[in-house]
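Working notes, beginning with the structure itself.
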There are 2 protein chains.
Amino acid sequence: MKVKTRWLAPSEQRAWRAFVDVHQKLPSRLARRLQATGNLSMADYIVLVALADAPHGRQHFLELAQSVDWERSRMSHHLSRMNKRGLVAREDCPKDGRGVHVAVTPAGRAAIEEAAPGHVATVRRLVIDPLSPEELDMLTRLCEGILDRLEADLL
Amino acid sequence: MKVKTRWLAPSEQRAWRAFVDVHQKLPSRLARRLQATGNLSMADYIVLVALADAPHGRQHFLELAQSVDWERSRMSHHLSRMNKRGLVAREDCPKDGRGVHVAVTPAGRAAIEEAAPGHVATVRRLVIDPLSPEELDMLTRLCEGILDRLEADLL
DNA sequence: CCATCATTGATGACGCGTCAACCATCGGTT
DNA sequence: AACCGATGGTTGACGCGTCATCAATGATGG
């Protein structure tokens, strides 16, 4: 049996709209900056940060994929593209013939070190710094609440 | 001259992480549901809602693009795909030989009417309903604040 | 040692979004 | 009428993400 749909009330609609707009516009702005300053995509940035943080700038393929929460296929495709641009290199894993190591190249390290400060500054300017400690805390709670519900809802 | 970068403090990092995660996982969950229940993408949904709300289920191409804030090219590509699936039809505009009208087909209307209630229910369940009125208001303020800064910052 | 099964990654196909180039039409000017 | 800039829309190329499939390797049980 069917229940009549409760559409969103105006205040709810406004909240939802703002929420949707933010995650439509903020990422694209961040991406644009990143592209402009270092010719990196968000995906490049994520991978490079993960690798640069790892010892010797290298990691197993699978660890890397898990640490950034990507599917293998996505990682494989993206590494191919980054590899073609000289940001990253694949190396055979001696321990496991199936495995692959991924390493940042010097060019990759240079790219991330050039891009990171500007990126963080933009995030601060647009999101973090204007918030009071209470507001920052509220943001955390709201987002983590949604994440909790995402896990609870279906799985 | 160069200023030393202020990286994110732990509490800031946690907030930012939660924020990013939400915007990574929530949309993909919503998209999955939409796909599962009606074989529609988010983009399809957005277009169909806009058209279904318009008088006679039709709108000028450009109005449509503006009302959902898409570039023309994107709209054109997407309409081609939707058209191929029978959700939407293009019609010549009698007033302006360059213009194009876009209309929902009966199949398109059926699709949106089947998908919308479930979509709204999911949004309510995951985001809106668990929030107190004060929290909803806070969410709105936080998001609108970011949007304001986005407009202020570079333009 | 061999058969089987699971895991690691790569690959190809497809939908989606952006950018740049392009073509048609409109509206006003001369 | 012939031109010309502005407007409306399409197209092709490319990067990105997902899915399904596949090859190679490793682990396990007989």
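Note that the structure is predicted; figures quoted are calculated from it, not measured. Residue numbering restarts at 1 for every chain, and letters A, B, ... go by the order of the sequence lines.
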Handout entry: Polar contact flag, side-chain donor to acceptor under 3.5 angstrom, Asn83(B)-Ser80(B)
Key = no

Completion exercise
Phe61(A) CZ to dT11(C) C1', in whole Å, measures 12 Å

Fill in the blank from the handout: From NZ of Lys25(B) across to C1' of dG17(D) the rounded distance in Å is 17 Å

Practice task
Identify whether the distance between the nearest side-chain nitrogen and carboxylate oxygen of Arg141(A) and Glu135(B) falls below 4.0 Å.
Solution key: no

Practice task
Starting from P on dA10(C), measure out to CH2 on Trp70(A) and report it in whole angstrom.
Solution key: 14 Å

Practice task
Let me know the distance between CE of Met75(B) and P of dC19(C), rounded to the nearest Å.
Solution key: 16 Å

Problem - Under 3.5 Å: donor-acceptor pair, side chain of Arg125(A), backbone of Asp153(B) - result: no

Completion exercise
Heavy-atom nearest nucleotide on DNA chain C taken for His60(A) and for Glu71(B); more 5' hit belongs to His60(A)

Practice task
Would you please say whether a donor-acceptor pair under 3.5 Å links the side chains of Glu134(B) and Ser132(B)?
Solution key: yes

Practice task
Find the distance Gln35(A):CD to dC14(D):P and express it as a whole number of Å.
Solution key: 16 Å

Fill in the blank from the handout: To the nearest angstrom, the CG-P distance between Asn39(A) and dC19(C) comes to 14 Å

Handout entry: Summary of side-chain hydrogen bond (donor to acceptor under 3.5 Å, both in side chains) pairs that have at least one residue in residues 14-23 of chain A, sequence neighbours excluded
Key = Arg14(A)-Glu144(B)

Practice task
Keeping the roles fixed (side chain from Thr5(A), backbone from Pro117(B)), state whether a donor-acceptor pair exists under 3.5 Å.
Solution key: no

Handout entry: Rounded distance (Å) that lies between atom C1' of dT10(D) and atom CZ of Arg74(B)
Key = 17 Å

Handout entry: Polar side-chain atom of Thr37(A) near backbone of Arg33(A) as donor-acceptor pair, under 3.5 Å
Key = yes

Exercise for the section: May I ask you to verify whether the side chain of Ser73(A) and the base of dT11(C) hold a donor-acceptor pair under 3.5 Å? Expected result: yes

Completion exercise
Here the residues of residues 77-94 of chain A within 4.0 Å heavy-atom distance, strictly under, of DNA chain C are His77(A), Arg90(A)

Handout entry: Earlier contact from the 5' end, DNA chain C, for Asp44(B) and Glu63(A)
Key = Glu63(A)

Practice task
Return no unless some side-chain N or O of Arg72(B) is found under 4.0 Å from OP1 or OP2 of dG8(D).
Solution key: yes

Handout entry: Check: Gly145(A) main-chain N/O paired with Asp148(A) side-chain donor or acceptor under 3.5 Å
Key = no

Practice task
Would you tell me if any nitrogen or oxygen in the side chain of Arg32(B) comes within less than 4.0 Å of OP1 or OP2 on dC19(D)?
Solution key: yes

Problem - Rounded interatomic separation in angstrom, taking NE2 from His101(A) and C1' from dG9(C) - result: 14 Å

Handout entry: Sidechain-backbone polar pair: Arg124(A) side chain, Arg6(B) backbone, donor-acceptor under 3.5 Å
Key = yes

Exercise for the section: Tell me whether the OP1 or OP2 atom of dC16(C) has a side-chain N or O from Ser41(B) closer than 4.0 Å. Expected result: yes

Identify all pairs in which a protein N or O lies below 3.5 Å from an N or O of nucleotides 24-28 of chain C, and state each distance.
from, atom 1, to, atom 2, distance (Å)
dT25(C), O2, Arg98(B), NH1, 3.4
dC26(C), OP1, Gly97(B), N, 2.8

